[in-house]
Structure formats: structure tokens, C-alpha cells
Amino acid sequence: MECFLMPKESGKFITDRSKDVLVLEEGVRKVAEMLYGKINSKEFDPTGWKSLHELNPQVMNEDSINWVFVADTLNFSFWSESEEHKCLVKYKGKMHSGYWSLCAAINRALDEGIPITSASYYSTMTLDQLKHVLRSDTDIPMPLIEERHRVLKEAGHILLEKFDGSFLNCVNESGKSAQKLLQLVVENFPSYKDVATFEDKKIAFYKRAQILVADIWGLLEGKGDGSFNDIGSLTMFADYRIPQALVSLGAMKYSEELMKKLKHGVLFQSGERLEVEIRGCSIWCVELIRDYMLHLGAQKGDTIENLNAVLIDYYLWDYAREHRKDMANIPIHRVRCIFY
Ligand SMILES: Nc1nc2c(c(CN[C@H]3C=C[C@H](O)[C@@H]3O)cn2[C@@H]2O[C@H](COP(=O)(O)O)[C@@H](O)[C@H]2O)c(=O)[nH]1
């Protein structure tokens, strides 16, 4: 069995050797202070996963757990060549883009009587059936539709073979450990194995596997089957939005060289040095933000209930969505892959 550095250790290892991405201590402290002011808001409470996001399932049951599994199996690569022409999905009168276009499409399918969250259905659906489910309300389709079809069928077959067709059975095998559930996911579902090599070291980001565990925790509000005693051991999810937010907020800095490539819309390859530095430094940057927020809490004598990289990540991701225009001067890094 190959052994990989886990995401947190990968983040540190990469940050210590990174050449084109810097984590800025001063900026980390500034962001930590900004977030600390929100510590008692809904955004920093597990119930926010449902209450702040109408497209997320609102009922804590097995169907919702299987909804989360399908959404996170397809939770990758929504960015479009041009911000003006992109895939949009209309649901209940509202247009949704990016990750939310996927959620809107899943809910639209369910409303149309298509059992898209049932493994016995999606493990055998045709490419045309998936194209219909994920159809865009503009002339730009959702990216990587063929890859989505492949990974969805694969995940469905495995869920039927190994977990009797329900992700709840996988959750129950985890014994309420986030790390155990993470291992079960990356060992059983190949498309979740988000790993790379950096300076001859095998490193793991496990972005979709970690967000899958976190979304189950959020759906279940950290209670019952979702009361993971080690949820704090998960790191932020190394996607293409959080790095943009961290640089925009001054907690991270890109070299001139890298900024030039980003501004030219260069397509990066999954696993290439610059892309690994962006993802690894983002993980470590959020770890430091969390640590400094805990330091602030100790300094002020506050008792902080829920503070972990998951909630910081969710906050920053939603923040990046709401401040898209303010962040326009920091391009996202463009990669086409099934990992994020
Ligand atoms: N780090 C991190 N990455 C996240 C998410 C989410 C969705 N989570 C929501 C659901 C419940 C929570 O409360 C969150 O509100 C999607 N992504 C990634 O972003 C990219 C899509 O971006 P855009 O093109 O702008 O939609 C793509 O790589 C996708 O994999 C997150 O939370 N954290």
C-alpha cells in the first residue's frame, strides 16, 4: 500500500519548500482577526450548512446523505473560459452557476422524478441521460461531462457492491471518525484519490474526500451518525476558489512569474509544481489562520465551541462567492481534472 503524507502534513511540507507561493504571517493574522469577529455568527456553526444554503438538502435522513455523496462525487471543475458565458442552471426561478449549478441540476432532476441520487439508477445511466440531468440553461454545457459520467457510474457500482447502495452504510463503518471515513472513501472510490508527488514526496490533498466527510458532518449538524469526534483533523479543501480568496485577503502571495501565467489564463496540469504549491500553501495557510484564531480566543479568555478548518473553509468559500468582483484582479488557477 503506497503511503502518502496526509493533507495537513502535505500542506506544511509544500509550504516549507514552495518557490512561487508564499504564506504571509501578517496577512494570516489579519484574516484571523477578521474571521474572529464572526465567530458567533451562523457561518461558524454547523447548522449553517443547511440554513445558509437553500439548495443543500434540509432534512437529515438517508436520502440526503446519498444526495451529498452524488454532489461531492461530481464536485469538480465548474470554471468557464469566460465569466460572461458559462453554464447556468435555472431552478425554482433562480439561475445558479458553478458548484451551485450542479446542486440545482440534482434537485431539478429529483423534481422531474429522475432518481439521480439512487445508486441503482446512476450506476447504469447513459451519457445522454446524464447530459439531460446536468443540462445548462445557456449554450455552455457543464464542463467535463464525460468524466462526470465515468466517475458517477464507477462510484455507483462500488456503492452497490461494497456498501449495499447507500453511503449511510459507509458512514456507519467509520465509527464516528472523520479520518476513518476519509480512509474508507479514498481506499474504495478511486476518483476521490487526489494525490501528487512534490520533490519526490508522495503527498495527498484528498479535496473531494475531505469535503464529503465535512458535508455529511454539516448535513447532520455534527450529531448522531455525523458526530465525528475528530472533525477538527480535516484541513481546508484545496480547490480553486480559496487560494484566490487567501491571496486577495493578503494571507498568501504569488510570485510575479506565477501571476503572469494566471493573468494569461494558462491551463495548469493537475500535479504540476505550481499547482501543487498553490493547493499545498492554501491548506497550510488555513491551518495557521485557525491556530491564530484559537490564540486570539485564549488571549481574550473566550471559550470557542466550534472552530475548525472546515468552518473556516466554508466561510472563506462563501465569502469568495459573495466578493467575486473584488477578487477579479486575482485570477483562479485553471485546471481541468476530476479532483476539484
Ligand atoms: N474549498 C471549498 N471548495 C468548494 C466548496 C464547494 C461547495 N461547498 C458549499 C456547500 C456547502 C458549504 O456550506 C459550501 O457553501 C465547492 N467547492 C469547490 O469550489 C470550486 C467551485 O467554485 P465555483 O466555480 O465558484 O462554484 C470547485 O473546485 C468545487 O470543488 C467549499 O465549501 N469549499
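First listed ligand is number 1; within each ligand, the first listed atom is number 1. The model shown is predicted, which means the values in this text are computed figures rather than measured ones. The first residue in the sequence is number 1, and the count goes up from there.
- The salt bridge (charged side-chain N to carboxylate O under 4.0 Å, His left out) test with K19 singles out one residue from E257, E199, E277, and that residue is E199.
- Heavy atoms of H53 approach ligand 1 to within less than 4.0 angstrom.
- Comparing F339, Y240, Y340, Y99 against atom 20 (C) of ligand 1, the shortest heavy-atom distance belongs to Y240.
- The single protein non-hydrogen atom nearest to atom 19 (O) of ligand 1 is W317 NE1, 3.0 Å, given as residue, atom name and distance.
- Of the protein's non-hydrogen atoms, the one nearest atom 32 (O) of ligand 1 is Y314 CD2, 3.4 Å.
- Using a 4.0 Å cut-off between heavy atoms, L316 makes no contact with ligand 1 at all.
- Interface of R241 with ligand 1, defined as ligand atoms under 4.0 Å from a residue heavy atom, comprises 22 (O), 23 (P), 24 (O), 25 (O).
- Among all non-hydrogen protein atoms, the one lying nearest atom 29 (C) of ligand 1 is N75 OD1, 3.0 Å.
- The aromatic rings of Y192 and F189 sit perpendicular, their planes meeting at an angle over 60°, well past the 30° parallel limit.
- Looking at N308, its side chain never comes within 3.5 Å of a backbone N or O of G232 through a donor-acceptor pair.
- In terms of protein heavy-atom proximity, atom 33 (N) of ligand 1 is closest to D313 OD1, 2.6 Å.
- Two residues are said to be in side-chain contact when any heavy atoms from C-beta on lie closer than 4.5 Å; M236 and V310 fail this criterion.
- Only side-chain heavy atoms of R324 come within less than 4.0 Å of ligand 1; its backbone N, CA, C and O stay farther off.
- For R148 and F76, the positive end sits near the middle of the six-membered ring, less than 6.0 Å away and at most 45° from its axis.
- The aromatic rings of F78 and Y99 stand perpendicular to each other, their planes meeting at an angle above 60°, with 30° marking the opposite boundary.
- Near G98, the atoms of ligand 1 lying under 4.0 angstrom from a non-hydrogen atom of the residue are 24 (O), 26 (O).
- At a 4.0 Å cut-off, not a single heavy atom of R208 sits close enough to ligand 1 to count as contact.
- Looking at heavy atoms from C-beta onward, H333 lies out of side-chain contact with Q244 at the 4.5 angstrom threshold.
- Residue L52 does not touch ligand 1, judged by heavy-atom distances below 4.0 Å.
- Summary of contacts: the protein heavy atom closest to atom 11 (C) of ligand 1 is W49 NE1, 3.3 Å.
- Residue contacts with ligand 1: M236 is placed with no nitrogen or oxygen under 3.5 Å of a nitrogen or oxygen of the ligand (distance criterion only).
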